[in-house]
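Note sheet for the following structure.
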Amino acid sequence: MVCAPELTRNAVVQALLDGCYYASAGPEVRGFGVADGRAWIECSPCARVNHLCGGPIGVGETRIAPAGERLERVEFTLHGTETYLRFECIDANGRTAWTNALR
């Protein structure tokens, strides 16, 4: 999925070069980013969201939706030791969406 301002070759190529895309086998990523020492993601309803990080072991986290519920926005506190971070959103059928790494 590419986030380009228009459906033209130049706009799509520039969005790819800028890292404005994600891969998905089902779930939709509606937005993600870092603000005020927290990483966040908004997605279509998912059963689990993984926050994957480069750096020390144990810095990444997984959030699992309570029984009968789904996650649509998840925030993670940053530790300051992450060399990069990215997200995986997994829906109830095991289909996954992966974001690009944020550095």
Side-chain angles (χ1 to χ4, degrees):
M1 183 65 92
V2 176
C3 181
E6 59 188 22
L7 188 55
T8 64
R9 179 192 178 280
N10 288 344
V12 170
V13 169
Q14 189 60 53
L16 291 171
L17 292 171
D18 292 343
C20 295
Y21 64 93
Y22 68 93
S24 181
E28 176 185 353
V29 173
R30 298 181 176 142
F32 65 97
V34 174
D36 301 322
R38 299 186 61 77
W40 60 273
I41 186 161
E42 293 179 352
C43 58
S44 56
C46 284
R48 185 174 81 223
V49 174
N50 297 322
H51 170 232
L52 305 162
C53 303
I57 295 173
V59 175
E61 296 180 58
T62 296
R63 297 283 169 78
I64 299 172
E69 297 182 31
R70 294 292 175 253
L71 303 170
E72 294 187 62
R73 179 177 173 89
V74 180
E75 293 188 13
F76 300 92
T77 300
L78 298 175
H79 302 277
T81 56
E82 298 87 353
T83 56
Y84 72 88
L85 63 91
R86 68 181 186 85
F87 299 99
E88 293 177 344
C89 301
I90 299 99
D91 69 13
N93 297 313
R95 298 176 301 187
T96 304
W98 306 264
T99 68
N100 287 312
L102 295 174
R103 297 182 188 272

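Starting from 1, each residue takes its place in the sequence as its number.
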Discussion item. For the CG atom of Asp91 and the OG1 atom of Thr96, what is their distance to the nearest 0.5 Å?
Written reply: 7.5 Å
Practice prompt. In sequence, state the C-alpha distance, the side-chain angles, and the governing distance for Arg73 and Glu75, and then conclude on salt bridge (Lys or Arg N to Asp or Glu O under 4.0 Å).
Written response: CA-CA 7 Å; Arg73 179 177 173 89; Glu75 293 188 13; 2.9 Å; yes
Worksheet item: Do Cys43 and Arg30 have side-chain heavy atoms sitting under 4.5 Å apart?
Response: no
Discussion item. What I want to check is whether the side chains of Arg38 and Thr77 have a donor and an acceptor closer together than 3.5 Å.
Written reply: yes
Discussion item. Among residues at least two apart in sequence or on other chains, which ones pass ring pair (Phe, Tyr, Trp, His ring centres under 6.0 Å) with Phe76?
Written reply: His51
Discussion item. Taking the side chain as everything from C-beta on, heavy atoms only, tell me whether Pro45 gets closer than 4.5 Å to Glu72.
Written reply: yes
Worksheet item: In Å, rounded to the nearest 0.5 Å, how long is the span from CG of Asn50 to CZ of Arg63?
Response: 11.0 Å
Discussion item. Checking side-chain polar atoms at under 3.5 Å, does Asn10 have a donor or acceptor matched by the opposite partner on Gln14?
Written reply: no
Worksheet item: Are any side-chain N or O atoms of Ser24 and backbone N or O atoms of Ala97, one a donor and one an acceptor, separated by less than 3.5 Å?
Response: no
Worksheet entry | Euclidean distance, Ser44 OG relative to Arg95 CZ, rounded to 0.5 Å | 8.5 Å
Discussion item. Applying the side chain to side chain contact (heavy atoms under 4.5 Å, CB included) criterion to Val49, which one of Leu71, Ile64, Ile90 satisfies it?
Written reply: Leu71
Fill in: Beyond-backbone contact of Val12 with Tyr21, side-chain heavy atoms, under 4.5 angstrom
no
Discussion item. Would a single hydrophobic cluster contain both Leu78 and Trp40, if residues Ile, Leu, Val, Met, Phe, Trp and Tyr are joined by side-chain heavy-atom contacts under 4.5 Å?
Written reply: no
Discussion item. Does atom CG (Asp36) have a neighbourhood of more than 12 heavy atoms from anything else shown, all under 6.0 Å?
Written reply: no
Worksheet item: Do Glu88 and Arg48 sit within salt-bridge range, that is, some charged N less than 4.0 Å from a carboxylate O?
Response: no
Discussion item. Test of understanding: clusters of I, L, V, M, F, W, Y form through side-chain heavy atoms closer than 4.5 Å, transitively. Do Val34 and Val74 belong to the same one?
Written reply: yes
Worksheet entry | Over 12 foreign heavy atoms within 6.0 Å of CG, Leu7 | no
Item to complete: Identify the heavy atoms of Cys46 and Ala65 that sit nearest to each other, and give their distance.
Response: O-CB, 4.0 Å
Discussion item. Hydrophobic clusters here meaning ILVMFWY residues chained together by side-chain heavy-atom distances under 4.5 Å, can you tell me if Trp98 and Ile41 are in one?
Written reply: no
Worksheet entry | Any donor-acceptor pair under 3.5 Å from Tyr22 side chain to Asn100 backbone | no
Practice prompt. Taking the side chain as every heavy atom from C-beta outward, state whether Leu85 and Phe87 have any pair of such atoms under 4.5 Å apart.
Written response: yes
